[in-house]
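Numbers here are sequence positions counted from 1. Excluded from the calculations below are hydrogen atoms, water molecules and symmetry mates; all remaining heavy atoms, backbone and side chain alike, are included.
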Amino acid sequence: MKKRIAIWTIVGLMVAMATVAGATARTTSQAKTPGVTKTRVVIGATFPFSGIASAYGVIAKAEAGYYKWVNAHGGVNDRKIVFITKDDGYNPAQTVPLTKQLVEQDHVFAIVGQLGTEPVLSVRGYLNQHKVPQALVATGASYWGTQYKKYPWTIGWQPNYVAEGALYGQYIRAKQTSAKIAILYQNDDYGSDYVRGLTKGLGGTSKIVAKQGYSITESNVASEMARLKASGANTLFVAATPSFAVQSVVIAYKLGWHPRIYMNSVSGTNDLMNAAANSSSASAVNGIISTAYTQIPDDPVYEKTPGMKLYRRIMAAENVGTRLNDVFNVYGMGTAWTFVDALKRAGKNPTRASLMRALLHTNTKANPFLLPGMVTKTTPTDHFPLDQARLDRFTNGHFVPFGRLLTYKRY
């Protein structure tokens, strides 16, 4: 009898130990995925809510608004998305400690939508070393496409700058045979990508008569613009962030210089061009050519699309706190949609690795905030989800698309 009791006691202990081991394994498994609990997924990013690139802070607010909308409609696999943002002022020296804070103190699941070429580069090595997804970064720098083997945890979103620059170059070569081009560009990797792309599209440098780089620490680009005017150029290509882009148009007008202007997409918005017009003249901005890949909220062409209807509902319901017609809102929601789509496909119990697998196996036309017909597509060797856009021309207060939807070449 005593032996029988002893045997059953041992069996009971073994079952109990197995149960504890199983629970421990599950707890350990959950602990291996920071930022994910049964009820929420915590993500984060740095953005320039202050400083020279503060116009882009709208993007983060719109992303947050979209996540709130998703949360109000059940979340993703019964989890709510928590989005923590920190202001780095577009300064890599601030990006580094703030990103480490997000990872090491806030324990985010992923960094999503982080903005700025130099800020993103400043923490790319750290995030990849710790295998933290640096997902859907808000910069089109060519690095995300060319260095994916070394940095597999980083993926872009918008079309790349080299390809966009090439698009302008091809258009100029076809339509402006007598063009003499002056270039104003931000003197870093972001600006250099655009210059390289423009040169490729032109088929060489023969049409480029002057280049002036500026530093983000400068207060204005008046001296650069004066030198560009003195070159005798009849065409101006601007690869600049919002405040310097607006300055370039206003200063050219005040100098009495009226070149045909090509504006990079990151500053080619209705709001920014109207701001330039308000400080100069409507004639200074009419005719400016840029590109677009998201729908534009105040363009009648998109007024009745499902994407714009959804956009207006979210803006009203979630009190985003930004201007309804600011296209950077649409950019933010488009990015957020892409992340939510990947999170859904990452599994009921997502890991950082499963999120990256989902992000790198995307093929859809369902993103409602992009231009109709646009494809979001990635592969393990293609870390640029978007590679299409349309040319548009600023006319009487807003950009008007022309031509067909174009697919960028890979450079």
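Residues passing the side chain to side chain contact (heavy atoms under 4.5 Å, CB included) test with Ser215 are Thr217, Glu218, sequence neighbours excluded. Taking the side chain to side chain contact (heavy atoms under 4.5 Å, CB included) definition, one finds that Thr39 meets it with Thr37, sequence neighbours left out. Not a single salt bridge (charged side-chain N to carboxylate O under 4.0 Å, His left out) links Asp189 to another residue, sequence neighbours left out. Under the side chain to side chain contact (heavy atoms under 4.5 Å, CB included) criterion, Arg345 pairs with Asp341, Ala342, Ala358, Thr362, not counting sequence neighbours. For the side chain to side chain contact (heavy atoms under 4.5 Å, CB included) test, residues two or more places apart in sequence or in another chain that qualify with Ala252 are Met225, Trp257.
Residue pairs satisfying the ring pair (Phe, Tyr, Trp, His ring centres under 6.0 Å) criterion with at least one member in residues 277-334, sequence neighbours excluded, are listed as follows: Tyr56-Phe328, Trp157-Tyr331.
Using a distance-only test at 3.5 Å, with no hydrogens or angles considered, a donor-acceptor pair links the side chain of Asn270 to the main chain of Phe399. Between the side chain of Asp382 and the main chain of Thr379, no donor-acceptor pair closer than 3.5 Å is present. Looking at Trp144, its side chain does come within 3.5 Å of a backbone N or O of Thr139 through a donor-acceptor pair. Judged purely by atom type and a 3.5 angstrom limit, Asn71 has no side-chain atom pairing as donor or acceptor with the backbone of Lys80.
Taking the ring centroids of Tyr262 and Phe237, they lie at or beyond the 6.0 Å cut-off.
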task = Tell me, with the steps shown, if Asp106 and Lys86 meet salt bridge (charged side-chain N to carboxylate O under 4.0 Å, His left out).
result = CA-CA 11 Å; Asp106 298 311; Lys86 298 183 185 294; 3.6 Å; yes

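Of the options Arg124, Gln134, Gln114, a side-chain hydrogen bond (donor to acceptor under 3.5 Å, both in side chains) to Thr154 is made by Gln134 and by none of the others.
Residues Glu164 and Tyr194 bring a donor and an acceptor atom of their side chains to less than 3.5 Å of each other.
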